[in-house]
Amino acid sequence: MAFWRRLSSGDATGFKFLFSVAFLYALMSAIAYFVLHMKHVPPLPLDAPLDQFSEARAVQHIRVLAEENSGRQEGRPGLREAATYIKTQLEMVKERAGPNLRVEVEETQVDGSFSMMFLGHSISLGYRNHTNILMRISSMHSHDTDASVLMNAHYDSPVNSPGAGDCGSCVASLLEIARLVVDSGWAPPRPIIFLFNGAEELFMLGSHGFMTQHKLKDTVGAFINLEASGTGGIDLVCQSGPGSWPSNVYSQAAVYPMAQSSAQDIFDVFPGDTDYRMFAEDYGDIPGLDIIFLLGGYYYHTSFDTIDRIIPGSMQARGENLISVLKAFTSSSKLKVASERKSLHVDADSDMVERAVFFDYLTMFMVYHPKRVAMVLHNIPSALVLFAPFFLYMREPGRHPFLSVFCAFLKGVIHHTAGILLGVIFPVLFSVIRLFFANPMSWFAHSYLAFLMFIPCSFFGLLLPRTISDGASDCQSFSSKKIMKVEMSDEARFWGAFGLYAFVTSAYFFAGLGGGFLTFVICVSMLLGWISFCLSVKSYGYDSLKSPMFYVIALVPCLLYSVYFGGFLALFLIEKTGMIGVPPPFGFYLADVAVAAVIGLVTGFCVGPIIPICDRWLAKASILKFLLHFTVAMFAVSSQFFPYSKDAPKRVVLQHTVFSAGGNEITDSTYDLAVVDSNSMEFVFKHAPEVAEKLHAGPSFSLSNAEVSPQKAWLALFPVSCVLTKNGRFPAKDNKILERYSQFPHLKTHKPPTTLEDGTRRVHLELSLGSLEEIWVTVLNITGPLSRWSFADGKLPAPELPEGGPPSYILRLSGNSSEKWIFWLEANSEAEVRVDLAVLDQRLDEESRHLKSLFPAWSDVIAYTSFLSTYFF
């Protein structure tokens, strides 16, 4: 009460308004969280009717794949177990098929070689003996050449992960969909192909094998690719195309639509790729959808990706969407085989060729319009802004000079732009200052802390221009105040803010991007809010608090969507900061600055629309002081929180590196450690002294005086190794290595080199992988005057160009087989060809397993053995 008594009546009114607005946004945030985590979708039980998708039945499949399986990684026996389980389930579905269906199940082995760009690096891949499982369901009247719909999911999982979300959830969804198609008695008008590919984690090899080798590849007229970058929540359409037909089908059919055309604008920003690339871009032009679980990213590619982390309701929403969209695809007249797609004229249906603009409203419905419609709609706000000064001038001609009116509008745009920029700058500035006194990422395990820290200072930045403007006007003479009243009236502020969002909307459109829908919705809502505000001013007066409240209420549907969209974006980023990499020299600041900037930007488009009308009550010195004090208090509180937990683990890579000179001679053995976020190994050793003691690092370990793990030591993970922070190298015992392995990987000449007619030298090589039993991948870095090789149709990828060194070429080999790799290299001179060989074995010796067990429960340790050797030919 004493606090309120010390305030002036204007400040007290401002605080009441502030707390009312804060309550409204808290309520909208709760609704958005409820929707994003699928709490509005009731999962169906095991005994649900057979003609409905059941989450409980799908979860049973995940349990088998993730808990009862010995590991679905390439090179481990569990991958074969998973393939057998999937095929068995499909055979059981086939047995229940009615006389109106023809069901075929097959298992295929794929092999091949190609080059691709991944994480900005050009690499070549060779693979063999990867297993794909297929099921084709069609009516008895269909033909083998009929256009079909492909549904794809991969059943392999990354190293060290049980893969409940990625991608056991995807496989389980398709198994339940296949059962539903058969048990419901529905005869699809077009064939459906279910593809369970066994090598996505090795850079989409299973889907490449299908697209280059399978007899049905040219019959696929549309596809749906399922992926998981988390354990549930929103199941977003992240990519769609070519053209807008797939997204149009989805918008009309999805029960719980979750799609935003802006997702495709930013998809390439995040490291990674999916099988969508093989179907729609690199090896086909098949129209399709890339649908991905995006929340629960804390567990993505970790040992914590277990069945208990699957977010309830997520599988149910995905399943109901899939069966509905599948039926729409199979019924569409636009479903064409490859030859028909090529023969169609590109301009036959421009709406289906160009990308569309679309977004879902809290999974309730979708707004969709083709690009030609967006060209009109998304530029109307800009036209209104350009026309508004003329309209206002003509409304009262002669009262104010036209130049004065136009300048007021221009200042309004600058005013709001400055607020948006300051709303981003202040969180970033405070995040950097905080790191001088606290550890990075203290908000990581407690995402709400990030919002409590950065939203108040962002709000401070949004209000600051009005406070400065009001302070400056108070210093002017009476005549100047009269001019300022014209220039900086609420109307000028409103149209200035409206103009900023309108110009952003137009800029999005002309840049060919799909994210302009958000600012377009803001523009439309602000117009409705302005009409409501003007009417309320007539009823209650300009100085009544009811007038801005009516403005805010009119904006609630838009603000709720902005909170839903922005909240998802911020949550997704927070969960992914544990694996985004920390490039020098500013990696220490990267996570905090990125999260601060995004939350500042989100605050800008969530709160920015109300600022032009409401800042008159909110831009008080007392309120700004309160926001600053609250920000400082939250920074102090956040510094007391530990960044990690079992629900938000820290990722650590432990590589036992064995250097050999060929044969079974060990030249060195080390432990190489790396992290992938802003807290280095110094942080880990500080909070895990047992690990430091085991490695003889000591409590005073410092990166400045430690032996740094070199880039070449991480060849087995290339190019993923480029996002790791290599923190330290420590000696390891090698006396147990020879007991476990009777033969190390070894590269030698297969037969004498030959000289070709053009003078090039061909070296014939034989690669033996020794007695290693759980090989994930083999990577070769070949340096020298290379001109051709026997992989990827003889074509070399773009070379790596290390500083101060000659160009080198990267080759990744995979495939479980006791057979040796036989290949050749061609050199265009007599200079030596150097081959660095790295083989990743997922088995650990006893010492390494013990070291891994010493890491604390809040860490996730990806541990393996890498065999390195070098050869010259």
Side-chain angles (χ1 to χ4, degrees), residues 34-69 82 85-101 103 105 135 137 149 151 153 155 164-165 167-188 192 194 196 224 226 228 230-235 250 253-258 291 293 295-296 306-331 360 362-365:
F34 184 87
V35 174
L36 286 171
H37 290 81
M38 298 294 112
K39 295 185 182 296
H40 62 301
V41 181
L44 293 187
L46 279 170
D47 58 354
L50 294 180
D51 61 349
Q52 295 184 37
F53 185 97
S54 163
E55 177 173 306
R57 286 192 286 258
V59 168
Q60 281 190 320
H61 295 305
I62 303 177
R63 181 168 288 108
V64 173
L65 293 169
E67 289 187 352
E68 300 176 16
N69 184 281
Y85 175 78
I86 293 168
K87 188 175 181 182
T88 300
Q89 293 298 310
L90 297 179
E91 293 287 0
M92 292 170 58
V93 170
K94 178 180 179 180
E95 291 176 2
R96 296 201 302 273
N100 62 329
L101 294 178
V103 180
V105 178
M135 169 186 266
I137 302 177
V149 178
M151 303 191 76
Y155 63 87
C167 212
S169 64
C170 310
V171 171
S173 298
L174 291 196
L175 287 175
E176 174 65 0
I177 290 291
R179 180 211 60 77
L180 175 57
V181 170
V182 169
D183 287 348
S184 65
W186 173 55
I192 304 168
F194 293 91
F196 301 86
I224 301 174
L226 297 187
T231 55
I234 188 168
D235 194 26
Y250 181 90
V255 179
Y256 301 100
M258 292 170 270
I291 304 179
F293 277 153
L295 293 183
T306 52
I307 192 170
D308 57 301
R309 306 289 186 179
I310 300 294
I311 299 174
S314 304
M315 297 286 292
Q316 189 66 44
R318 165 178 273 186
E320 293 184 29
N321 279 348
L322 285 178
I323 189 63
S324 182
V325 174
L326 176 62
K327 289 182 178 180
F329 268 132
T330 57
S331 302
D360 71 279
L362 280 69
T363 76
M364 292 189 294
F365 60 87

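Residue numbers count from 1 along this sequence. The shown structure was predicted, so the numbers you read here are calculated from the model rather than taken from an experiment.
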Short question: side chain of [X], backbone of [Y] - any donor-acceptor pair under 3.5 Å?
{"X": "Tyr250", "Y": "Met258", "value": "yes"}
{"X": "Arg57", "Y": "Ala48", "value": "yes"}
{"X": "Thr330", "Y": "Leu326", "value": "yes"}
{"X": "Glu176", "Y": "Ser54", "value": "yes"}
{"X": "Arg179", "Y": "Leu50", "value": "yes"}
{"X": "Glu68", "Y": "Arg63", "value": "no"}

Let me see the working for Arg318 and Phe293 under side-chain contact (heavy atoms from CB on, under 4.5 Å), right down to the final yes or no. CA-CA 9 Å; Arg318 165 178 273 186; Phe293 277 153; 3.6 Å; yes

Do you know the tightest heavy-atom contact between [X] and [Y]?
{"X": "His61", "Y": "Ala172", "result": "CB-CB, 3.7 Å"}
{"X": "Phe53", "Y": "Ala58", "result": "CZ-CB, 4.1 Å"}
{"X": "Met315", "Y": "Ser169", "result": "CE-O, 3.4 Å"}
{"X": "Asn321", "Y": "Val255", "result": "OD1-N, 2.9 Å"}
{"X": "Ala228", "Y": "Cys167", "result": "N-SG, 4.0 Å"}
{"X": "Ala254", "Y": "Ser324", "result": "N-OG, 4.5 Å"}

Could you check if a side-chain atom of Ile86 sits within less than 4.5 angstrom of a side-chain atom of Leu175, using non-hydrogen atoms only? yes

Are side-chain heavy atoms of Glu67 and Val64 found at a separation under 4.5 Å? no

For residues 36-46, please give each side-chain donor-acceptor pair under 3.5 Å, one per line with the distance, not counting sequence neighbours.
unit_1 : atom_1 : unit_2 : atom_2 : d
His37  : ND1    : Tyr33  : O      : 3.1
His40  : NE2    : Thr363 : OG1    : 2.9

Determine, stepwise, if the pair Val171 / Phe196 fulfils side-chain contact (heavy atoms from CB on, under 4.5 Å). CA-CA 7 Å; Val171 171; Phe196 301 86; 3.9 Å; yes

Using the rule given for side-chain contact (heavy atoms from CB on, under 4.5 Å), can you reason through Ile307 versus Val59, listing the C-alpha separation, both sets of side-chain angles and the distance that settles it, and then say yes or no? CA-CA 8 Å; Ile307 192 170; Val59 168; 3.5 Å; yes

Using the rule given for side-chain contact (heavy atoms from CB on, under 4.5 Å), can you reason through Leu226 versus Ser173, listing the C-alpha separation, both sets of side-chain angles and the distance that settles it, and then say yes or no? CA-CA 9 Å; Leu226 297 187; Ser173 298; 4.0 Å; yes

